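First the proteins, then the strands, lettered A, B, ... as listed; each starts at 1. As the structure is a prediction and not an experimental result, all values here were calculated from the model.
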Amino acid sequence: MAAKRITKQEKERITKILSLLDEHYTTEYKCYLDHETPWQLLIATILSAQCTDARVNMVTKDLYKKYRSLEDFAAADLKELEQDIHSTGFYHNKAKNIIECAKTLVTEYGGIVPSDIDALTKLAGVGRKTANVIRGNVYHEPSIVVDTHVKRISGKLGFTKEEDPVKIEFELMKILPKDHWILYNLQIIAHGRSICTARNPKCRECFLFNLCRWEGKNDE
DNA sequence: CTCCCGATAT
DNA sequence: ATATCAGGAG
């Protein structure tokens with residue numbers, strides 16, 4: 001794999017951005033989705049598609065009291081589970097996927113969430129983003145999670161011009177140091193929620209203002 | 001590319 | 001009223 005050629009100035013800009021992110025946000029590998037076990041994080045992440053993590057945490061709080069194991073989810077009644085997760089949206093697909101995913105984990109993986117990217121993405125409702133969340137937060141394997149915030153903000157920062165999440169993932173792997181791969185996602189989510197929001201980003205309050213390449217900066 | 005979909009902020 | 005939220009599958 002040919003290394004992406006980056007100018008010295010660009011490398012310094014990236015280093016400054018990462019160090020400012022470290023300064024303002026967490027440097028812990030602490031996930032924003034509440035969970036006690038790997039399989040709980042997997043289900044929470046499936047539920048998090050197009051839904052705020054605050055909402056997911058409200059739902060999982062009761063969900064994990066009712067369904068105490070993967071076996072419970074595997075044996076769950078579809079309509080009942082749909083009601084249990086209703087407020088997260090996409091509840092038909094999510095409920096169906098969670099049950100199928102739980103069944104596969106119980107019957108084929110002995111109830112253990114795999115760390116292999118291919119094994120993970122074969123599970124129902126688990127795509128590349130969810131798989132990388134598990135790899136990073138459960139197994140601490142360096143991985144780049146490209147969610148809506150990483151996609152939006154990486155583009156604005158000038159880290160990538162790609163639109164496809166997989167291409168963005170590989171671009172970021174080339175320019176970000178490996179020890180920041182997991183952290184980058186967590187910090188960008190925090191930044192994306194507080195300052196670099198999708199609508200009306202608060203560029204004036206942004207500590208990355210002078211390092212950002214976005215041409216639509218609102219700076220009066 | 002389209003569909004899935006409720007809750008919330010603007 | 002509408003855009004957006006830790007996306008994934010057909």
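For the side chain to side chain contact (heavy atoms under 4.5 Å, CB included) test, residues two or more places apart in sequence or in another chain that qualify with A:Y67 are A:L63, A:D72, A:F73, A:A76, A:E80, A:L81, A:D84. Annotation: side chain to side chain donor-acceptor pair (under 3.5 Å) contacts of A:R135 (sequence neighbours excluded): A:E141. Every residue was checked against the side chain to side chain donor-acceptor pair (under 3.5 Å) condition with A:D34, not counting sequence neighbours, and none meets it. A:E162 meets the side chain to side chain donor-acceptor pair (under 3.5 Å) test with no other residue; sequence neighbours excluded. With sequence neighbours left out, the side chain to side chain contact (heavy atoms under 4.5 Å, CB included) criterion links A:C196 to A:I153, A:K156, A:H191. A search for side chain to side chain donor-acceptor pair (under 3.5 Å) contacts involving A:T60 returns nothing, not counting sequence neighbours. For the salt bridge (Lys or Arg N to Asp or Glu O under 4.0 Å) test, no residue two or more places apart in sequence or in another chain qualifies with A:R55.
Across all strands shown, A:N185 has heavy atoms under 4.0 Å from base atoms, whether or not it also approaches the sugar-phosphate. Among the atoms of the strands shown, only primed sugar atoms or phosphate atoms (P, OP1, OP2) are found under 4.0 Å from some heavy atom of A:L123. A:V126 comes within contact range of the sugar-phosphate backbone alone, with a heavy-atom separation under 4.0 Å but no base atom that close. Among the atoms of the strands shown, none is found under 4.0 Å from any heavy atom of A:I46.
In terms of position on DNA chain C, the residue among A:T121 and A:A198 whose nearest nucleotide sits closer to the 5' end is A:A198. Closest-nucleotide positions on DNA chain C for A:K122 and A:R193 were compared, and the one nearer the 5' end corresponds to A:R193.
In the hydrophobic clustering of ILVMFWY residues, with side-chain heavy atoms under 4.5 Å counting as a link, A:I144 and A:Y25 come out together.
The span of DNA chain C lying next to chain A, judged by atoms under 4.0 Å from heavy atoms, is bounded 5' to 3' by C:dT2 to C:dA9.
Note on residues 91-111 of chain A: pairs passing side-chain hydrogen bond (donor to acceptor under 3.5 Å, both in side chains), not counting sequence neighbours, are A:E82-A:H92.
Looking at A:D164 and A:K151, no side-chain N of the basic residue comes within less than 4.0 Å of a carboxylate O on the acidic one, giving no salt bridge.
Separating the C1' atom of B:dT2 from that of C:dA6 is a span of 22 Å, rounded to the nearest Å.
Residues from residues 65-94 of chain A lying near DNA chain B, meaning a heavy-atom separation below 4.0 Å, are A:H86, A:S87, A:G89, A:F90, A:Y91, A:H92, A:N93 in numerical order. For DNA chain B, the neighbouring residues in residues 47-60 of chain A, judged by any heavy atom under 4.0 Å, are A:Q50, A:R55. Using a 4.0 Å cut-off on heavy atoms, the residues of residues 129-148 of chain A that approach DNA chain C are A:K129, A:T130, A:V133, A:D147, A:T148, listed by number.
Taking the side chain as every heavy atom from C-beta outward, A:Y32 and A:V56 never approach each other to under 4.5 Å.
For the residue pair A:Y64 / A:T37, no side-chain donor-acceptor distance below 3.5 Å is found, with atom types taken as modelled. Side-chain contact annotation: A:H149 with A:N185, donor-acceptor N/O pair under 3.5 Å absent.
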